[in-house]
J.: 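Below is one structure. I have some questions about it.
Quick note on labels: first sequence line is chain A, next is B, and so on, each numbered from 1. No hydrogens, no waters, no symmetry mates; every other heavy atom, side chains included, goes into these values.
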Number of protein chains: 2
Amino acid sequence: MGRVKLQIKRIENNTNRQVTYSKRRNGLMKKAFEISVLCEVDVGLLMFSPSGRVSVFAGNNKR
Amino acid sequence: MGRVKLQIKRIENNTNRQVTYSKRRNGLMKKAFEISVLCEVDVGLLMFSPSGRVSVFAGNNKR
DNA sequence: CAAACTATCTATAACGC
DNA sequence: TGCGTTATAGATAGTTT
């Protein structure tokens, strides 16, 4: 997506890599939430950022 | 996406819910892979389908 | 610097075989 | 039932504020 097609390889620029991480992390969490609701499945998603922060999403159909 | 705007709620039709699960599961795994490479982060993704099957993605930047 | 914008790319809902 | 196509909604790379 975006203005240009992006090659799937490590983003060398530190700032840009961090910005992209923030954006895509949000998108990935949203997608995980959506599939858990739409399809009534249990989903667990874990991301460990280079800075040591962890993002977690857990969606389950029992709620 | 798709032909119509989709409400984020359980898909009632069993067949359609299964089809949507297959498609979105693939999309979600791909996204997880991409963020792990682009941003050099460790990512774990787990999905438990209603039929009992489990899908796992694990991407880490040590490889 | 981070938040918002927007042009463009990608994912996917409905459809067709 | 499953796989490929098409039209469109959604995500996002680069830009602007």
Side-chain angles (χ1 to χ4, degrees):
Chain A
M1 320 90 175
R3 300 294 181 89
V4 297
K5 180 168 162 53
L6 186 67
Q7 300 302 311
I8 302 303
K9 53 175 266 188
R10 179 176 182 277
I11 296 170
E12 295 300 328
N13 180 280
N14 287 350
T15 302
N16 190 235
R17 188 170 65 252
Q18 183 58 45
V19 169
T20 295
Y21 176 65
S22 295
K23 289 180 176 181
R24 281 180 173 253
R25 177 170 48 80
N26 291 338
L28 196 56
M29 305 267 281
K30 182 176 180 180
K31 290 275 193 185
F33 164 72
E34 291 183 353
I35 197 173
S36 74
V37 174
L38 289 170
C39 307
E40 202 169 50
V41 296
D42 295 327
V43 176
L45 175 63
L46 263 177
M47 288 175 282
F48 302 84
S49 79
S51 63
R53 267 190 278 272
V54 180
S55 296
V56 178
F57 169 80
N60 74 67
N61 62 54
K62 307 307 180 309
R63 288 188 277 208
Chain B
M1 323 83 176
R3 301 294 182 87
V4 298
K5 181 169 161 54
L6 185 69
Q7 300 303 311
I8 301 303
K9 52 175 268 190
R10 179 175 182 277
I11 296 170
E12 295 302 329
N13 181 279
N14 287 348
T15 302
N16 190 235
R17 188 170 64 253
Q18 182 58 46
V19 170
T20 295
Y21 175 65
S22 295
K23 289 181 176 181
R24 282 180 173 254
R25 176 169 48 80
N26 291 338
L28 196 55
M29 305 266 282
K30 182 177 181 180
K31 290 276 193 187
F33 164 73
E34 291 183 353
I35 197 173
S36 74
V37 174
L38 288 169
C39 306
E40 201 170 49
V41 297
D42 295 326
V43 176
L45 174 63
L46 263 177
M47 288 175 280
F48 301 84
S49 79
S51 65
R53 267 190 278 272
V54 180
S55 296
V56 178
F57 169 79
N60 75 67
N61 62 53
K62 308 306 182 306
R63 289 188 277 205

J.: Could you tell me the separation between the CD1 atom of A/Ile8 and the CD1 atom of B/Ile35, rounded to the nearest 0.5 Å?
T.: 10.5 Å
J.: Please confirm whether the backbone N or O of A/Glu12 pairs with a side-chain atom of A/Asn16, one donor and one acceptor, at under 3.5 Å?
T.: no
J.: Could you tell me whether the side chain of A/Arg3 has a donor or acceptor atom within less than 3.5 Å of a complementary atom in the base of C/dT6?
T.: yes
J.: Rounded off to whole Å, could you give me the CZ-to-C1' distance for the A/Phe33 and D/dA11 pair?
T.: 17 Å
J.: Rounded to the nearest 0.5 Å, what's the gap from CE on B/Met47 to CG on A/Leu45? Could you check?
T.: 9.0 Å
J.: Nearest whole Å is fine: how far is D/dA9 P from B/Ile8 CD1?
T.: 14 Å
J.: Taking atom P of D/dA11 as reference, at what distance in whole Å does atom CD1 of A/Ile35 sit?
T.: 14 Å
J.: Would you compute the distance between atom CD of A/Gln7 and atom CD of B/Glu34 and round it to the nearest 0.5 angstrom?
T.: 11.0 Å
J.: As a test of understanding, state which of A/Thr20, A/Thr15, A/Asn14 forms a side chain to side chain donor-acceptor pair (under 3.5 Å) with A/Arg17.
T.: A/Asn14
J.: For A/Phe33, I'd like to know if atom CZ has over 12 heavy atoms of other residues, nucleotides or ligands within 6.0 Å.
T.: no
J.: Would you say C/dT12 has OP1 or OP2 under 4.0 Å from some side-chain N or O of A/Lys31?
T.: yes
J.: How do B/Leu6 and A/Lys5 order along DNA chain C: which one's closest nucleotide is nearer the 5' end?
T.: A/Lys5
J.: Taking CE from B/Met1 and C1' from C/dC9, how many angstroms apart are they, rounded to a whole number?
T.: 12 Å
J.: For D/dA11, does either OP1 or OP2 sit under 4.0 Å from a side-chain N or O belonging to A/Lys30?
T.: yes
J.: List in numerical order all residues of residues 10-29 of chain A for which some heavy atom is under 4.0 Å away from an atom belonging to DNA chain C.
T.: none
